[in-house]
There are 2 protein chains.
Amino acid sequence: MDRLRESGLADELSFLLARTNALSLAAGNVALAAHGLRVRSYSVLALAVSGERPSQRELADFLRLDPSQVVALIDELQADGLVERQPDPRDRRANVVVATDAGVRLHRVAHHAARAAEERLYSVLDEETQDRLAAILREIAFSSRG
Amino acid sequence: MDRLRESGLADELSFLLARTNALSLAAGNVALAAHGLRVRSYSVLALAVSGERPSQRELADFLRLDPSQVVALIDELQADGLVERQPDPRDRRANVVVATDAGVRLHRVAHHAARAAEERLYSVLDEETQDRLAAILREIAFSSRG
DNA sequence: TATTGTTATACTCTATAACTATA
DNA sequence: TATAGTTATAGAGTATAACAATA
């Protein structure tokens, strides 16, 4: 398989990104399964825990999900007693998503599990390179083009 | 939405990778649609064009797809006359996937389209940073952990 | 008129297991 | 016994359109 790295595809950022993301996603899902979460539900939980009181619309934009997918994810987390929808007093159309105490507790352990999986994958890079990677990705991920 | 960047999630490499990849994938699929391809079929075509004569198994490993998915992708490309399966004389179980002349021609224009989409997305980074990003991703994507 | 959340639907992608023919 | 390709199936993820309530 290694000789395929000589192909032009291996030079394309999109491909490298896709392959790296596939590895990261698989590792994350394995690590989170023990806690009844997947990468997507974990991400929603993490934002609910953040204290920023995101609306469902904000969650959809931030996570690059369709609003209808957010409905399903929150339904699931809510059924498990991890988050709840609260009416936004400033806009009666909107719900704000906040974590319950159980959600906060689960996030804590799930975060450690996810972090450990991340570490294993990224440990081929030194700390400084990991930080540099994060900085570069942040630029693309939140540029106006997205 | 921007205030969610203060949440801890925005510091996690997995999340940044997922969001960046989602943008890249969406842009790639839009750019390739005009040529009847998607990112995955384009990737297979690119490797078929490379001259490396990959087996289906090698394609699966390299693209991080299940071998059964590769079957479907090649069926599709073959039906469109873009690639063909050739028996591997050294292993009668294996097929080797090569591009037809039409496949080579389509790859050429599709490659330019994909490249243009990439450029738009990554143009927030200077050339040197793009190269650095590619180098870092290559390390993770092909480390033994994967 | 436009936006938030919701429901519904179709399509794509991912993951698994089992089968065949070869090795 | 193990591997390459194939078939089948179910579950997760993606994309679109339409609707009620509200702005």
Side-chain angles (χ1 to χ4, degrees), chain A residues 1 15 18-19 21-30 32-33 36-44 48 53-79 83-97 146, chain B residues 1 14-15 17-19 21-30 32-33 36-44 48 53-79 83-97 146:
Chain A
M1 179 198 97
F15 163 71
R19 195 181 145 98
N21 183 57
L23 292 171
S24 163
L25 193 63
N29 279 332
V30 167
L32 290 166
L37 296 171
R38 298 179 59 78
V39 166
R40 302 177 111 204
S41 47
Y42 166 77
S43 302
V44 171
R53 302 179 66 80
S55 69
Q56 295 187 197
R57 174 65 55 167
E58 288 174 311
L59 291 173
D61 290 345
F62 196 68
L63 297 173
R64 284 229 31 148
L65 302 175
D66 190 88
S68 62
Q69 301 167 37
V70 174
V71 171
L73 285 166
I74 296 178
D75 282 352
E76 189 189 310
L77 291 169
Q78 195 167 33
V83 305
E84 46 181 50
R85 291 170 164 98
Q86 290 179 5
D88 184 342
R90 305 198 302 187
D91 184 342
R92 280 190 296 169
R93 291 172 305 181
N95 296 326
V96 139
V97 181
Chain B
M1 179 196 96
S14 320
F15 163 71
L17 213 39
R19 194 180 145 98
N21 182 57
L23 293 170
S24 163
L25 194 62
N29 279 332
V30 167
L32 290 167
L37 295 172
R38 298 180 59 79
V39 166
R40 302 177 110 204
S41 46
Y42 166 77
S43 302
V44 171
R53 302 181 65 81
S55 70
Q56 297 188 196
R57 173 65 56 166
E58 287 173 313
L59 291 173
D61 290 344
F62 196 68
L63 297 173
R64 284 228 31 147
L65 302 174
D66 190 87
S68 63
Q69 302 167 35
V70 174
V71 171
L73 286 166
I74 295 178
D75 283 351
E76 190 189 308
L77 290 169
Q78 195 167 34
V83 305
E84 47 181 49
R85 292 170 164 97
Q86 290 179 5
D88 184 341
R90 304 198 303 186
D91 184 341
R92 279 190 298 169
R93 293 173 304 180
N95 296 326
V96 140
V97 180

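This structure is a prediction, so every number in the text was calculated from the model and none was measured. Worth knowing before you read on, the calculation uses all heavy atoms, side chains too, and leaves out hydrogens, waters and symmetry mates. Reminder, nothing fancy here: chain letters follow the sequence lines and each chain counts from 1.
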Quiz item: Within a strict 4.5 Å, meaning less than it, do heavy atoms of the A:Arg57 and A:Pro67 side chains meet?
Solution: yes
Practice problem: In whole angstrom, give the distance that lies between atom CG of A:Asn21 and atom C1' of C:dC13. | Solution: 13 Å
Exercise. Take atom CG of A:Asn29 and atom P of C:dT14, then tell me their distance rounded to the nearest Å.
Key: 11 Å
Quiz prompt | Base C:dT3 to side chain A:Arg93, donor-acceptor N/O within 3.5 Å cut-off | solution = yes
Quiz item: D:dT6 phosphate, OP1 or OP2: any side-chain N/O from B:Arg85 under 4.0 angstrom?
Solution: yes
Quiz prompt | D:dT6 OP1/OP2 closer than 4.0 Å to side-chain N/O of B:Gln56 | solution = yes
Practice problem: Rounded off to whole Å, could you give me the CD-to-P distance for the B:Gln69 and C:dA15 pair? | Solution: 8 Å
Quiz prompt | Rounded distance in Å - CG (A:Leu23) to P (C:dA15) | solution = 11 Å
Practice problem: Give a yes/no on whether any side-chain N or O of A:Arg57 is located under 4.0 angstrom from OP1 or OP2 of C:dT6. | Solution: no
Self-check item: Flag side-chain contact, heavy atom, 4.5 Å: B:Leu63 against B:Leu73
Solution: no
Practice problem: Let me know, please, whether A:Arg90 or B:Ser68 comes out on the 5' side of the other along DNA chain D by nearest nucleotide. | Solution: B:Ser68
Exercise. Would you mind classifying the nucleic acid contact of B:Asn95 as base, sugar-phosphate or nothing, using non-hydrogen atoms under 4.0 angstrom?
Key: sugar-phosphate
Quiz prompt | Gap between atoms CG and C1', on A:Leu73 and C:dG5 respectively (whole Å) | solution = 14 Å
Self-check item: Residue met sooner reading DNA chain D from 5', once A:Arg38 and A:Arg92 are mapped to nucleotides
Solution: A:Arg38
Quiz item: For B:Arg38, does its backbone N or O pair with a side-chain atom of B:Asn29 as donor and acceptor, under 3.5 Å?
Solution: no
Quiz item: Which part of the nucleic acid does B:Asp88 contact within heavy-atom distance under 4.0 Å: base, sugar-phosphate only, or nothing?
Solution: nothing
Quiz item: How close or far is atom C1' of D:dA12 from atom CG of A:Leu25, stated in whole angstroms?
Solution: 10 Å
Self-check item: base_contact_polar (C:dT4 base, A:Ser55 side chain, donor-acceptor, <3.5 Å)
Solution: no
Exercise. Write down the distance between CG (A:Leu59) and P (C:dT6), rounded to a whole number of angstrom.
Key: 12 Å
Quiz item: What nucleotide among D:dT14, C:dA15, D:dT16 has an atom nearest to a side-chain atom of A:Asp66?
Solution: D:dT16
Quiz item: Would you say D:dA12 has OP1 or OP2 under 4.0 Å from some side-chain N or O of A:Arg40?
Solution: no
Self-check item: Intermediate values then yes/no, side-chain contact (heavy atoms from CB on, under 4.5 Å), A:Phe62 and B:Phe15
Solution: CA-CA 10 Å; A:Phe62 196 68; B:Phe15 163 71; 3.5 Å; yes
Quiz item: In whole angstrom, what separates B:Gln86's CD from D:dA4's P?
Solution: 19 Å
Self-check item: Nearest-nucleotide 5' precedence on DNA chain C, A:Val71 against B:Asp91
Solution: A:Val71
Practice problem: Would you mind reporting whether A:Val83 and A:Ile74 have side-chain heavy atoms less than 4.5 Å apart? | Solution: yes
